Amino acid sequence: MSQTVIQNQDVAETGTKLDVELRKVFKVFNGETAVRGIDLEIHQGEFFSILGPSGCGKTTTLRMIAGFEEPTGGEVLIRGQSMANVPPYKRPVNTVFQSYALFGHMTVWDNVAFGLRLQKSSKSELQTRVGEALQLVKMENLARRYPAQLSGGQQQRVALARALVNRPTVVLLDEPLGALDLKLRKEMQMELSNLHRDLGVTFVMVTHDQEEALSLSDRIAVMNQGRIEQIGSPSQIYEYPQTPFVADFIGDTNLFQGQVEASYPSSLQVVTPNGLTIQVKPQDNGQLSPGDSVVVSIRPEKIHVSSGAAPEQMNYYDGALKNVMYMGTHVHYVVELNSGDTVTVFQTNRTVTLPSLNSPVRIYWSAADCIALPV
């Protein structure tokens, strides 16, 4: 199906290249602030994810875009048009829920046609658009089945078809793969990615699954306690977190509390309470100076384990191996440093001979591979 087929043709052309905007949006429930003045700009055709732990405000944010909740303050715009007092059924969006919310007494075909029938679409239009939507998600051969006769992945596809048949400007995905088992979730991630690429529709997904967000998204907003901590591409979020929360929440990392002791053109020198001296490559903003409290983040896969000398110009520390887990593709080490700090290391599996527990080792990493974050 071409992109023009699924675009909402009732939305006025405004010249904007943004499909969704949130401007200083707040939401208060019974005196408790769930969303705290967030700003978002989501581009046309983008796969945008809102990522965060339970209770951070991400689902509330999605519901305000959908119209199921009204903001306490601020403004939601779709294609440049304010959605103030616009009910959900009049917004150019459709939502796919984790529970799928399919009608058990209706066939697949009737589930997908439901929204069009409410709009009193003609019989010929129903046939064409439902057929196209089912073909998109490869469910046309199961059109006469009922939801109870489908697998979880097939139900997910029907829910997507029902959302797409109305030709929305934006598809909202509320933990869309959360109810699937691991293998099926991986398969559906690939299908979602392919579907988004083929359609060119804007997808906005809420998830707490970091891997899901990293693998699917063009950009990610990381939320914490009702605020957005960082917005960026998956690689920006992972490689260059802007706050200790983002560094800790996205993937695995080792965090060291410390203080900037010295600042040089090519590095910062950070000292921890346990006496570790860590060389860190300064960030472009150059905001840190001697005396500042920081958290140093270093990803486990950036660290090397050796029984010999470390290369020059590296951070290197001696310790003992406390745990070794063979994971197939990589080996997971836990090293206790002489300082008392515990460090996690991931190394690519290149050998079947693993070092023995409690053997002395040296770990090392480059100053360019760690980052100092203000606290």
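Predicted, not measured: the structure shown is a model, and the values here were computed from it.
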Discussion item. So that I can tick it off, tell me whether R299 and D369 are bridged by a salt bridge, with the cut-off set at under 4.0 angstrom between side-chain N and carboxylate O.
Written reply: no

Discussion item. Can you tell whether the side chains of R219 and E46 come within less than 4.0 Å, N to carboxylate O?
Written reply: yes

Under the 3.5 angstrom rule, does the side chain of [X] hit a backbone N or O of [Y] as a donor-acceptor pair?
X    : Y    : answer
S217 : A213 : yes
Y317 : S339 : no
S359 : S356 : yes
T107 : D110 : yes
R129 : V165 : yes
T207 : D209 : yes
S122 : E125 : yes
N111 : M106 : yes
S121 : R117 : no
Q135 : E132 : no

When rounded to the nearest 0.5 angstrom, what is the spacing between [atom1] in [X] and [atom2] in [Y]?
X    : Y    : atom1 : atom2 : value
E175 : E212 : CD    : CD    : 7.5 Å
M139 : Q156 : CE    : CD    : 11.0 Å
I42  : D218 : CD1   : CG    : 11.0 Å
M64  : T61  : CE    : OG1   : 4.5 Å
L136 : N194 : CG    : CG    : 12.0 Å
L77  : L22  : CG    : CG    : 8.5 Å

Give a yes or no on whether [X] and [Y] share a hydrophobic cluster (residues Ile, Leu, Val, Met, Phe, Trp, Tyr; joining criterion: side-chain heavy atoms under 4.5 Å apart).
X    : Y    : value
L357 : Y326 : yes
V343 : L276 : yes
Y240 : Y238 : no
V204 : F97  : no
V296 : I237 : no

Practice prompt. Only pairs at least two apart or in different chains count here, so list each ring-ring contact (aromatic ring centres under 6.0 Å, His included) that has a residue in residues 107-143.
Written response: F103-F114

Could you check if a side-chain atom of [X] sits within less than 4.5 angstrom of a side-chain atom of [Y], using non-hydrogen atoms only?
X    : Y    : result
L18  : Q44  : no
V361 : V335 : yes
L195 : L164 : yes
L51  : Q210 : yes
V222 : I220 : yes
F48  : M205 : no
N94  : L172 : no
Q287 : D292 : no

Practice prompt. In sequence, state the C-alpha distance, the side-chain angles, and the governing distance for L288 and S263, and then conclude on side-chain contact (heavy atoms from CB on, under 4.5 Å).
Written response: CA-CA 8 Å; L288 295 173; S263 177; over 6 Å; no

Worksheet item: Hydrophobic clusters join Ile, Leu, Val, Met, Phe, Trp and Tyr when side-chain heavy atoms are under 4.5 Å apart, directly or via other members; which others share one with V334?
Response: none

Worksheet item: Rest of the hydrophobic cluster containing L373 (Ile/Leu/Val/Met/Phe/Trp/Tyr, side-chain heavy atoms under 4.5 Å)?
Response: I371

Worksheet item: Within 45° of the six-membered ring axis of F29 and under 6.0 Å from that ring's centre, is NZ or CZ of K27 located there?
Response: yes

Can you name the residues that form a salt bridge (Lys or Arg N to Asp or Glu O under 4.0 Å) with [X], not counting sequence neighbours?
X    : answer
E301 : none
E191 : R157
D318 : R362
K138 : none

Return a table of donor-acceptor pairs under 3.5 angstrom between the side chains of residues 245-256 and protein atoms on other chains or two or more places apart.
residue, atom, partner, partner atom, Å
T253, OG1, S297, OG, 2.7
T253, OG1, I298, O, 3.3
N254, OD1, T344, N, 2.8
N254, ND2, I298, O, 3.3
N254, ND2, T344, O, 2.9

Counting only heavy atoms not in [X], do more than 12 sit closer than 6.0 Å to its [atom1] atom?
X    : atom1 : result
M190 : CE    : no
N85  : CG    : no
E32  : CD    : no
K24  : NZ    : no

Worksheet item: Excluding sequence neighbours, so at least two apart, what forms ring pair (Phe, Tyr, Trp, His ring centres under 6.0 Å) with F346?
Response: H330, H332

Worksheet item: Can you list the residues that meet the ring pair (Phe, Tyr, Trp, His ring centres under 6.0 Å) rule with F203, with sequence neighbours excluded?
Response: F47, H196

Could you pull out all donor-acceptor pairs under 3.5 Å where a side-chain atom in residues 140-151 meets a protein atom, sequence neighbours excluded?
residue, atom, partner, partner atom, Å
Q149, OE1, Y146, N, 2.8
S151, OG, Q154, N, 3.2
S151, OG, Q154, OE1, 3.4

Discussion item. Show, in sequence, the C-alpha distance, side-chain angles and deciding distance for E229 and Q242, and conclude whether the side chain to side chain donor-acceptor pair (under 3.5 Å) test is met.
Written reply: CA-CA 8 Å; E229 297 247 344; Q242 293 177 355; over 6 Å; no

Please tabulate, one pair per line, all N/O donor-acceptor pairs under 3.5 Å involving side-chain atoms of residues 65-73, not counting sequence neighbours.
residue, atom, partner, partner atom, Å
E70, OE2, R91, NH2, 3.4
T72, OG1, V28, N, 2.9

Worksheet item: Cut-off 3.5 Å, side chains only: do Q259 and S293 have a donor facing an acceptor?
Response: no

Discussion item. Walk me through whether R23 and E41 qualify under salt bridge (Lys or Arg N to Asp or Glu O under 4.0 Å).
Written reply: CA-CA 9 Å; R23 299 176 180 173; E41 292 185 346; over 6 Å; no

Worksheet item: Given T342 and E336, is the side chain to side chain donor-acceptor pair (under 3.5 Å) satisfied, shown in steps?
Response: CA-CA 5 Å; T342 299; E336 185 178 290; 4.8 Å; no

